[in-house]
S.K.: 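Shown below is the structure under consideration.
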Amino acid sequence: MLLNGIGWAAVLWALALYLLRMLATTAIYHRLVTHGSYQAPRLVWWIGCLVAASAGQMGPSWWKAHHLQHHRHADTAADPHTPVVHPVAWRGFIRSQLGWLLDEGFHPDSLPADVEADPVLRLIDRLHALPVLGLAALSWWIGGAEWLGAYCLSTTLLFHGVASVNSVAHLAGDQPFHTGDASRNNPWVALITLGEGWHNVHHGFQGSVRQGFTVRQGRLITLPDPTYSFIRALERLGWASRLRIPSERAMLARVAGASRHHRRRGAQPC
Ligand SMILES: [Zn+2]
Ligand SMILES: [Zn+2]
């Protein structure tokens with residue numbers, strides 16, 4: 001028995017659920033459904049979205065609609081969850097971490113047509129609470145209150161992990177690339193989100209399947225990006241294809257501090 005009545009088996013259950021559902025959120029909801037940074041068979045979309053929905057991340061249409069609004073209006077008043085426009089810093093942080101979910105704009109004005117066109121994805125979107133409840137019931141069935149507690153702990157940590165991309169990764173970290181917003185590369189956020197904390201790279205190159213990059217002494221350096229490694233594994237199994245990565249030249253042309261002339265010549269967002 002470990003702490004507070006939760007044993008090692010339940011801790012491993014919590015950890016496995018965290019990793020699996022985080023990967024579904026980052027590799028499927030974010031990099032596949034929202035940004036189309038690679039292609040995959042429909043079965044991968046459906047299973048991945050089902051797993052991501054079980055994390056309490058809402059449905060794929062909801063997720064994509066809000067996330068694209070974030071990119072379109074990053075760190076302006078129209079950004080649904082920026083931490084930087086609020087006059088009181090700590091309130092801005094709380095709002096970006098979870099307060100924005102209580103806003104009137106919780107229900108997006110419009111839903112992405114491509115997701116809505118797929119009847120399975122539309123069903124997952126509308127019934128997104130069922131996978132959450134189903135996984136909770138499975139946890140209870142396997143190990144009673146102990147495993148249900150592990151599921152709740154995993155889901156709470158996962159929620160705050162994903163939310164830290166919206167909050168911390170727009171407040172703390174370095175900005176190797178010019179993006180015109182407050183997005184930052186934060187290694188701690190990258191650690192708990194399996195690579196999504198390289199958020200400055202992501203804002204600079206939204207369509208790139210790989211986010212783990214930085215620049216040191218004028219050279220492009222790769223950083224650990226477990227979500228990218230997972231997508232490469234899918235590719236080796238034939239479940240992912242056409243992975244999009246911008247050229248080194250295009251990335252170096254967007255390095256913060258590079259001349260405008262340089263940016264114009266090289267920058268072709270992926
Ligand atoms: Zn962002
Ligand atoms: Zn994004």
Side-chain angles (χ1 to χ4, degrees), residues 22-38 45 48-49 52 55 57-86 92-101 103 105 108 111-112 114-115 159-190 192-214 223 225-228 230-231 243-246 251 254 256 269-270:
M22 181 63 85
L23 279 176
T25 305
T26 60
I28 306 297
Y29 264 16
H30 189 208
R31 300 192 198 188
L32 177 63
V33 175
T34 303
H35 291 294
S37 63
Y38 63 100
W45 284 66
C49 285
Q57 287 290 312
M58 305 290 289
S61 291
W62 183 93
W63 210 98
K64 179 170 182 171
H66 276 301
H67 191 71
L68 288 183
Q69 195 185 349
H70 166 61
H71 278 298
R72 268 196 301 272
H73 306 288
D75 297 312
T76 70
D79 181 341
H81 46 59
T82 177
V84 301
V85 298
H86 201 287
F93 174 79
I94 297 290
R95 186 186 139 67
S96 64
Q97 185 72 13
L98 74 174
W100 71 279
L101 294 167
D103 280 357
L111 297 175
D114 61 330
V115 183
F159 170 84
H160 285 291
V162 173
S164 71
V165 179
N166 300 338
S167 59
V168 179
H170 277 258
L171 290 170
D174 63 332
Q175 295 181 297
F177 296 99
H178 176 79
T179 59
D181 54 39
S183 60
R184 290 156 195 278
N185 276 2
N186 185 300
W188 296 106
V189 176
I192 61 175
T193 59
L194 306 179
E196 298 279 287
W198 310 124
H199 202 50
N200 174 255
V201 177
H202 176 54
H203 271 254
F205 308 93
Q206 294 169 28
S208 176
V209 71
R210 183 173 202 165
Q211 298 181 7
F213 290 105
T214 193
L223 297 167
D225 185 346
T227 295
Y228 172 65
F230 173 72
I231 296 167
L243 278 57
R244 297 165 60 198
I245 295 184
M251 296 196 78
R254 295 282 298 275
C270 180

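Each ligand, and each atom within it, is numbered from 1 in the order the structure gives. Side-chain atoms are counted along with the backbone in the values below, which use heavy atoms only and exclude waters and symmetry mates.
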S.K.: Taking side-chain hydrogen bond (donor to acceptor under 3.5 Å, both in side chains) as the criterion, tell me which of H199, H81, R184 meets it with H170.
M.R.: H199
S.K.: Just to be sure I understand the site: which N, O or S atoms from the protein are less than 2.8 Å away from the Zn ion (ligand 2)?
M.R.: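 Protein N/O/S atoms under 2.8 Å of the Zn ion (ligand 2): H30 NE2, H35 NE2, H67 NE2, H71 NE2, H202 NE2.
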S.K.: Output yes when a side-chain donor or acceptor of D181 lies under 3.5 Å from a complementary backbone atom of S183, and no otherwise.
M.R.: yes
S.K.: Check whether any side-chain heavy atom of Y29 lies under 4.5 Å from a side-chain heavy atom of V162, and answer yes or no.
M.R.: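 Result no, sub-4.5 Å side-chain heavy-atom pair not found.
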S.K.: Angle at the Zn ion (ligand 1), NE2 of H199 to NE2 of H170, rounded to 10 degrees, please.
M.R.: 100°
S.K.: May I ask you to check whether H67 and H71 show a side-chain donor-acceptor distance below 3.5 Å?
M.R.: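 Yes.
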S.K.: Kindly say whether H178 contributes a backbone atom to a donor-acceptor pair with the side chain of R254 at under 3.5 angstrom?
M.R.: yes
S.K.: Tell me which one of T193, T227, D225, L223 satisfies side chain to side chain contact (heavy atoms under 4.5 Å, CB included) with Q211.
M.R.: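 Among T193, T227, D225, L223, the one meeting side chain to side chain contact (heavy atoms under 4.5 Å, CB included) with Q211 is D225.
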